[in-house]
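What follows is a set of notes on a single structure, which appears directly below.
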Amino acid sequence: MSSLTEPEVFALADRAIDAVVAQIADDQWAMAMPESFRTRVLDHTPTLREIVNYHAYDDAWIPDVLAGRTMAEVGVEAHKGDLLGDNPQAAFRAIVDRAVAAAEALDDLSRMVHLSYGDYTAGQYLWQANYFRGTRAYDLARVIGVEPALPDALVQGLWDELVPVADEWRAIGVMGAEVPVSADAPLLDRLLGLTGRDPSA
């Protein structure tokens, strides 16, 4: 069993996605992404750069959200636009560094934070953030053709966080239908199956 806290899992998940972004080749940024990467804020099939910028945007909000600020207080447009600039990997890492520092400085997981879709405890928010980042690190690695390895501690941390809420999240469309995986399969394979991914694909 994992003994990691939500902020510790967040740090591992955010570093994992940063490690994948660091491996994007110069000629891959403009590639069209699979349909599964389409987001609510884009009305077209996104490019890899757009997806990474979307993650940068999501991460840029972490310090404000964990501090208890609302979008209205910060400014709805505060983190919009191109956050990657001419050196996207360096820009992305700087945003990740700030987000991880904010998570590691969090001293109260029961603090209420304010999201566009409601108020949650900081711990609940990090569960959502950890799932998004951890699984997307895997998905992005597959797309760009690098080894989709996640640290063992991250896999265990995500498993421990997701098992109690998987059915609920699946019912509201956060996860796809569970993919059956052998009970004696590696934990990463079981995690992928739990989140609707086929580890043998």
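If you're wondering where the values come from, they're calculated on a predicted model, not measured in any experiment.
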If hydrophobic clusters are built by linking Ile, Leu, Val, Met, Phe, Trp and Tyr wherever their side-chain heavy atoms come under 4.5 Å apart, do [X] and [Y] end up in the same one?
X: I24; Y: L83; answer: yes
X: V179; Y: Y138; answer: no
X: L12; Y: W159; answer: yes

> Any ion pair linking R170 and D167 (charged N to carboxylate O, less than 4.0 Å)?
Replying inline: yes
> So, are D97 and R15 salt-bridged, with charged N and O less than 4.0 Å apart?
Replying inline: yes
> Hey, which of L154, L4, L158, T135 is the one that makes side-chain contact (heavy atoms from CB on, under 4.5 Å) with N130?
Replying inline: L158
>> Classify the ring geometry of H79 against W61: parallel below 30°, tilted from 30° to 60°, perpendicular beyond 60°.
In response: perpendicular
Can any side-chain N or O of [X] pair as donor or acceptor with the backbone N or O of [Y] at less than 3.5 Å?
X: R136; Y: H55; answer: no
X: R133; Y: F10; answer: no
X: R190; Y: A185; answer: yes

If you define the side chain from C-beta out and look only at heavy atoms, does anything of [X] sit under 4.5 Å from [Y]?
X: L188; Y: P199; result: no
X: P7; Y: L109; result: yes
X: L140; Y: M33; result: yes
X: M112; Y: T121; result: yes
X: R197; Y: D139; result: yes

Taking all non-hydrogen atoms of both residues into account, name the closest pair between [X] and [Y] and its distance.
X: A11; Y: V100; result: CB-CG1, 3.8 Å
X: I95; Y: A56; result: CG2-O, 3.6 Å
X: A22; Y: Q89; result: O-NE2, 3.2 Å
X: P63; Y: R98; result: CG-O, 3.9 Å
X: A30; Y: T47; result: O-CG2, 3.7 Å
X: A16; Y: P151; result: CB-CD, 4.5 Å

> Any luck finding a side-chain donor-acceptor pair between H114 and E73 under 3.5 Å?
Replying inline: no
> Mind checking whether W169 and Y131 have ring centres under 6.0 Å apart?
Replying inline: yes
